[in-house]
Amino acid sequence: MFVYTIKRALMTIPVILVVALFVFLLLRLSPGDPAAVIAGDYATAEDVARIREKLGLSEPIVVQFASWVGALLQGDFGTSIFSSKPVTELIKQRLEPTLLLASCTIIFSVIVAVPLGTIAAFKAGSWTDRTVMLFSVGGFSVPVFVLGYILIYVFSMNLRILPVQGYKSPFEFGMIPFLRHMILPTLTLSVIYIALLARMTRASVIEVLEEDYIRTARAKGLSETKILMRHALRNAAVPIVTVIGLGIALLIGGVVVTESVYNIPGLGRLVLDAVLARDYPIIQGLILFFSLVYVLLNLLIDLAYTFFDPRIKY
Amino acid sequence: MNKLLEIKGLTVTLPSKSDRKYAISDVSISVEKNEILCVVGESGSGKSVTAFTVMGIHDKRALTISKGEILFDGYDLTKIGEDQFRKFRGKKMAMIFQEPMTALNPVMKVGEQITEILEIHTDLGPSKRKSKAIEAMENVKLPDPEKIFHSYPHELSGGQRQRIMIAMALVLEPDLLIADEPTTALDVTTQATILELIKEIQVRRGMGVLFITHDFGVVADIADRVVVMQHGIVVEQDRVNQILAHPQHEYTKMLIGSVPSMVPPQKKSIDVQAVLELTEINKSFGKSSLFRKDRIVNAANKVSLKVAPGETLGIVGESGSGKSTVARCAIRLIEPDSGSILVKDIDIAKLRESGLRYLRREIQIVFQDPYRSLNPRRTVGQSIVEGPMNFGQTEEAAVRKAKELMEIVGLKPDTFNRFPHQFSGGQRQRICIARALAMEPSILIADEAVSALDVSVQAQVLELLENIKKQFSLAVLFITHDLRVAAQICDNIVVMKKGAVVEFGSTHEIYTQPKHTYTQALLQSAPGQKYF
Amino acid sequence: MENHVESSAFDIAWKNRNVSIGLSVLLIIIVLALIGPIFTKDPFSLSPMSRLKPPGDFGLFGTDQLGRDVFSRVVNGGRISLTVGLSVAVFAILVGTILGLIAGYVRALDSIIMRVMDGLMAIPAILLAIAMISLSGASLATVIAAIVIPEVPRVVRLVRSVVLTVREEPYVEAAISVGTPVHLIMHRHILPNTIAALIVQATYICGSAMLTEAILGFLGAGIPPEIPSWGNIMSEGRTFFQLTPWIIFFPGIALAVTVLSVNIVGDGLRDTLDPRIARSLK
């Protein structure tokens, strides 16, 4: 197990390297002079020169990459062009709202989606199943921000029971204001994630219910509920957990949009502001940061497989 | 009479789109206390549907009971509700299945799977349940039950898993045991011990057993009474001796007649130069890395053999013996680690695909599974002409040749443009043979080529293989786990175990004076030797 | 004969209620978008006198902050969304299939291609797209390219897994044994097995690409703002949302209905074309 953990952790290195290389090349291979692109349309020649100097763009590309990776390894994600603050510090400042929004969404989605998918699978073909599936397809079809605005329109503008926008830190303002501001963003962000999870849960449980050992369980005289809880769900766990991990990529995209709709000062807003300002070190640092989070979470999930399936031996 | 289970006029309907109306029609059979009733039949006979219906675990979306009664313990099982039925299952009636690997929950310890039954049907506390489960495991002669109790199914051997299934089925001492082909997926030596175990427990407990099988050898060893089914109908039932000695129905006679004898026929020895010669072939799977060394399997270990034109060389062995690995090396679907493969004196062991291509004509193969051996999207004609056209034959010539071959293998040439799904399993194997012959090979490999076929079809395909061998003077390498088939078709036999050849000799020698203990054990295990 | 099989597959698919309903709705949307210029007002014509008017007298869907008719903008914007959806699906499938076939069949390139794909999958799609567009300048072509790239890895994985499974099939081994060259094995035996799964995957990609386009437009990082794509219309409606929610809702509904029909067709196809592929998707 220990050896496997190390081996599996080492396997993430090439993935992270590919991400790093990609992010690095994105700027260098884009058409035109990257410094001029970043400086924007109204920049003077001095501005461009200053940016080129700051990003080290005048050196050979290999040298640039090596020094960039070298800095990364020391935890240096670069410095913002405009605010001159280190990217890591900016991330730290903005981490809390995003982290809480994402955690609320994951917890809420799993609690809703797994039972929903299981029931749909158990009653496959029934009216219940069709409703769940329709909801799921619907969840994949409505743009996140439109959903956000519909919720704001209904709950904040018409019913006036929830705040329109903004974020209140639980450490500063306490739980109640935090939750009141968190409900709509969480709902908005959850829909697509629930759609994905419910679908996958349904598919895995249906597949498991076809297995021979389910027939054996029936032959033992187990009730259908017990068969579902004891035999089916546990065997369906690995694909479900995998999708929880893969869905995080979807979640990160959704965070950017949701934070923008609800005016939440998190990482999503940071990245958007950076894009509008063409503050490339921030964009680069954040993409790398999000990818790292994704890779690490999926590493943890991979390692958790043994817990669900004893056949997976490391 | 002591009727434990009585099925009266049971008819089970198939969904409207199926090719026949009934899965089983008007089936009347009964199982008495203290007897083993064998239900025998080929695929599609309805024998398994009968068993599942009795147990109430048939696919209820597809199958409906339209007529008849199933009387058990004073109730008609077709009438009682699911809740009441559930109380019978596992307690009064229990079932064991064909594939013990898939029939056990892979993520649950086997001990828990046994105690689960006690949990639902009794009031016993956890420690009592465990001791009872251990006792049940001892009863099926599992070694070290304490340790196995905490094992997962994948950590056990096939035989051990089936013993767990039996322990699970019998832990509450049910009156009726239903066994659906319980030894079909097992190796022949394991099969013998499991059959012995079932018989012994049945006698000890005076249990009634409904035993489903396709194998008349097994029937001969284990049955008290026999029911023969065909196309969903009971064609004959009687005491076992009566059925074996004096079968009445044509179908029964044919089934019994199709069981190959263990006595090999006299064969002339072959004195020709070999066309295929394998020397010291080694092949191992899995690689050792920095992190693990334990997963290497020596699938072939210094295997040497040769086959001459007109000869059928059998490779006989159980699962994991490496017999298929040798076949796949010989046709170079995989590359051996070392050793030489001489085809007409050219070593193809290390040739790359480009160099190999010309020798592909010489050596052809027929696989086990007739349903996966033909591309479902291409007509059988396209499959047969593919090879010759790869080597530059014109389409016209290839088609003409293909139609001739279809005739030779016993298919109508006008079915040339049909798709594989329009053919039966046996017909598909004939198509595969035609595809191989279209290349005009000198060597034909049959990798368990008749193992997936029903016994009646098996006999026909074996006869075809024998005929084409003579007609085209082929060298045939015949891979099989079935000792009866091997006895009939092979001139010489190589016995393999765990990747190595343990014995080689003429079929006659091997069957009359086996030298190696493994060969002896293998031959002794073949079921039904009293009769066949 | 092969034609016969394909056409009957289409017949079966059409009999599926999801497929027929979804395709019908989609067809109506496509036709409306195509003939839009004939029956709608000029989506660019400004009318300073009638700004931010609610649906009714000043047009079916009201007007925006510059007095432009929202209905004509939504109808004509459909062409952009559909173009993006379709192009992304075609390019992603094309590139993904080629890479997937190579990865599945050429052992030496397999791990390189798959590591690159793993890396690409780890980068959040929307971030990647935003970054690419902001660096290379916004245009229809860059937006399509930026959405295609993150979709490719899933196609590669799908095709590769089909190749790896199918090449173990006895009928492929039989084809190898009769000396069939690699390109013919691909063409005759392996590629046909990927088609059903690819058609289904293409519909899903098409739907998700339209959504991504809208999101990019909404975030102000998509197609140049002067082009009335659904995302851009909604982006402009943001500022006045509390006053004039219809500017976001109407294009939002149009988009949702379009994507929903595409996805429903995808589900229907998945269920009918081949039940086995259900497992290898989503």
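The chains referred to below are lettered A, B, ... by the order of the sequence lines, with proteins before strands, and numbering in each begins at 1.
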Query raised in the report: What's the verdict on ring-ring contact (aromatic ring centres under 6.0 Å, His included) for B:F88 and B:F72, showing C-alpha distance, side-chain angles and the deciding distance?
Result: CA-CA 10 Å; B:F88 283 121; B:F72 178 75; 5.8 Å; yes
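One finds a salt bridge joining B:K130 and B:E146 here, because a Lys/Arg side-chain nitrogen approaches an Asp/Glu carboxylate oxygen to under 4.0 Å. With respect to the salt-bridge test (charged N to carboxylate O, under 4.0 angstrom), the residues A:R230 and B:E112 do not qualify. Using a cut-off of 4.0 Å between Lys/Arg side-chain N and Asp/Glu carboxylate O, B:D76 and B:K79 are scored as salt-bridged.
The candidate from A:N235, A:I214, A:V208 with the greatest count of non-hydrogen atom pairs under 4.5 Å with chain B is A:N235. Chosen from B:M165, B:M168, B:E116, B:M108, the residue pairing most often with chain A at heavy-atom distances under 4.5 Å is B:E116.
Only the side chain of B:I120 comes within contact range of chain A, with heavy atoms under 4.5 Å apart. Contacts of B:A94 with chain A are absent, with no heavy-atom separation under 4.5 Å from either backbone or side chain. Residue B:E82: no heavy atom, backbone or side chain, is found under 4.5 Å from chain A. Residue A:L222 touches chain B through both its backbone and its side chain, counting heavy-atom pairs closer than 4.5 Å.
In this structure, A:F24 places its CZ atom where more than 12 heavy-atom neighbours from other residues, nucleotides or ligands lie under 6.0 Å away.
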